[in-house]
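Report on the following structure.
All ligand and atom numbering here is 1-based and tracks the order in the structure.
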Amino acid sequence: MRSWPEDRVAFGGDYNPEQWPRNTWTDDIELMRRAQVSFVTLGVFSWSWLEPAKGEYEFDWLDEIMDRLAEADIAVDLATGTATPPPWFSLAHPQVLPVDHDGHTLWAGSRQAWCPSSPVYREYALALTTQLAQRFHEHPALAMWHVSNEYACHNLPCYCDTCAGAFRVWAERRYGDLERLNDAWGTAFWSQRYTAWEQILPPRRTTSFANPTHQLDYHRFGSDTLLDFFRAEKQVLGTLSPGVPVTTNFMTTTAFRLLDYHQWAPHQDVVSTDHYLLESLPDPRAELSFSADLTRGIAGGRPWLLMEHSTSAVNWQPVNRAKAPGQTLRDSLVHVARGADTLGFFQWRQSLSGSEEFHSALVPHAGPDSARFREVCALGEVAERFGELVGSTVEARVALLWDYQAGWAANGPAMPSQLLDYPLTGRLLHAALRRRGVTSDIVHPSADLAAYDLIVVPTLYLVSDEHAQAISHAAEAGAHVLVTMFSGIADGDDHVRLGGYPGAFRDLLGVRVEEFFPLPEGETVALDAGVAGRGGGEGRIWSEDLYAVDAEVTHRYASGPLRSRPAATRRVVGSGTASYLSTLPDEESLDGLLGDLLEAAGVTPAAVVPPGVEVVRRRSGERSWLFLVNDTDEPQQVAVTGHDLVSDTAVSGSHTLAPGGVAVVREG
Ligand code: GAL
Ligand code: ZN
């Protein structure tokens, strides 16, 4: 075994040599050296090559490639191969196939066709993990274990009978007795009272809306079940391959929310994640930054590993556009800016066949004599120069709260508006802060909030008393808190907090809401100029009849049924403040609102930069690095002095960023 490369930002990606003949392997290693690849992830989908028949293991090919990689000084993140079973397994154990919401079996033939609760699957997976750990634990290329792959990407929730049984056990453990469960699920409603455990089923497709707490618990159960599976694999590795760090690649994109990664993170030796741009969003790169800040929060502020992203197009969106020249570097560096110490890609060599043949890679179909591979080599060179910042942390004085469970509940069945998708509010507020050059740590409500001057609480629909109190205490202690619509509504059982919304935050904010007025798609409501007199904007998605009981009104609605009623408020609390926002304002209004709050909180941008330039600072002791990313089509001038690690040149006083250009300036 060897250590993870830390003398540079580790650079590489998924390597699937089993898809290629031996002579390609020789080319691969040569090209990896050329691109300065320092790690690869091997064997993610290799089970059918590692165990072609039950109990018959074939490791020779893996020995050979591991040896070649060791010789080339390329670290291996070795997968346990348990993400997808071979066809012989699925044929022999059809009861392991997952079942969807409608009761349809999901057949093998793509990947991850296994039920998360299956003891049979677990037995075979642990056997393979055992074999691999025994065989490779001392291999000189082995630097990390990569358990399974993107848990839950395709097989959660599963509604099969095995899951039904496991869910009953889970529920019994959670509630102890049926009365407590009946109470938590509110089963007096619609004649749902359970009188025996066997009556409890997964929330399969039914005639009308499912019970929200039942559904919320099914999310919790799914996340817990897979975490338990991960831990079982990790335990095997810990015993047979001690000292080698273990991770599984998360999906901290806001498009995936099936696992509660805050619960998973403490079980990772290092947090790793995958990220792909969501082209359907109005600003995919703002979501990239959000995801990176979320990953850092999940990792407790420590550096994390970007296990996968793409050099160019993916193949799973309706239209998959290639990245523009320079974009690979730009996207990658935003991840590094926000805390990634490793840059991994899917995948090394673009497939010749299979359902990812049109997904980009480090070596494209066009071959190494291509613009893409030249960009890859340039990125490898930059990653090499980044050694000095490995281990440094990201500077942030703003916290933005995120809770997967609040999201599950907020987007449960039969809510006031389906347009209020949980990540939307957080993303809009994060984007507004980013536009102002302000970095936020996206953290769980249980995080230590003491270090933050501004705490943003977007749509925290479900919140425990304890977490609500921690937020109030932070305000009393001097933080400025901004709570948005549809927060504090429910407790952990998804029972509404009575007496007026936003229940848990009513006292802190000094407001009371009686009814919601969500807005249909495309409809807006006018806002007045506000106390700052900046000129009215408009709100969308949501509005509500807000009463300022003990708070100053900062903005009012200026049209519609709520005309002249409060839209936003502020209250002085201890040495801090607590503000409330009852709608989603347009960009300009949001910028103004956050600007006021940042000013009150004394939070300044990482650096003063022209609009359209993303800026983040990483720091280690006395040293600091300023990341500058020009998202505009024009050259942009930034005042900074130091050494730019991207161009490897000195910068004195001012630096011009080319259109789409990036700089990472060691300051001073
Ligand atoms: C990830 C997955 C990879 C590859 C990639 C394509 O979800 O882990 O194996 O499929 O997406 O974007
Ligand atoms: Zn199942």
Problem set entry | Tyr422/Trp408 aromatic ring centres below 6.0 Å | no

Problem set entry | Numbering as shown, the atoms of ligand 1 that approach Glu356 to under 4.0 Å (heavy-atom distance) |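 In order of numbering, the contacting atoms are 4 (C), 5 (C), 6 (C), 10 (O).
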
For this session: State the atoms of ligand 1, each with its element, that fall below the 4.0 Å cut-off from a heavy-atom position in Trp316.
Result: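 Ligand 1 atoms under the 4.0 Å threshold to Trp316: 6 (C), 12 (O).
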
Exercise. Is Arg22 close enough and on-axis enough to Trp25, meaning under 6.0 Å and within 45°, for cation-pi?
Worked result: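 Flagged: Arg22 positioned over aromatic ring of Trp25.
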
Exercise. Closest approach of Arg434 and Ser289, non-hydrogen atoms and distance?
Worked result: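 Here Arg434 and Ser289 meet closest at NE-OG, 3.1 Å.
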
Exercise. At their closest point, which heavy atom of Phe39 faces which heavy atom of Val37, and how far apart are they?
Worked result: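 Looking at all heavy atoms of both residues, the shortest contact is O-CG1, 3.4 Å.
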
Seminar exercise, completed: The answer for which part of Val44 has a heavy atom under 4.0 Å from ligand 1 is neither

Exercise. What part of Glu308, side chain, backbone, both or neither, has a heavy atom within less than 4.0 angstrom of ligand 1?
Worked result: side chain

Exercise. What's the shortest distance from atom 6 (C) of ligand 1 to any protein heavy atom, and which residue and atom give it?
Worked result: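 Here the nearest protein heavy atom works out to His359 NE2, 3.1 Å.
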
Exercise. Any luck finding a side-chain donor-acceptor pair between Thr254 and Glu287 under 3.5 Å?
Worked result: yes

Problem set entry | Among Arg111, His309, Glu150, closest by any non-hydrogen atom to atom 9 (O) of ligand 1 |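 Among Arg111, His309, Glu150, the closest heavy atom to atom 9 (O) of ligand 1 belongs to Arg111.
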
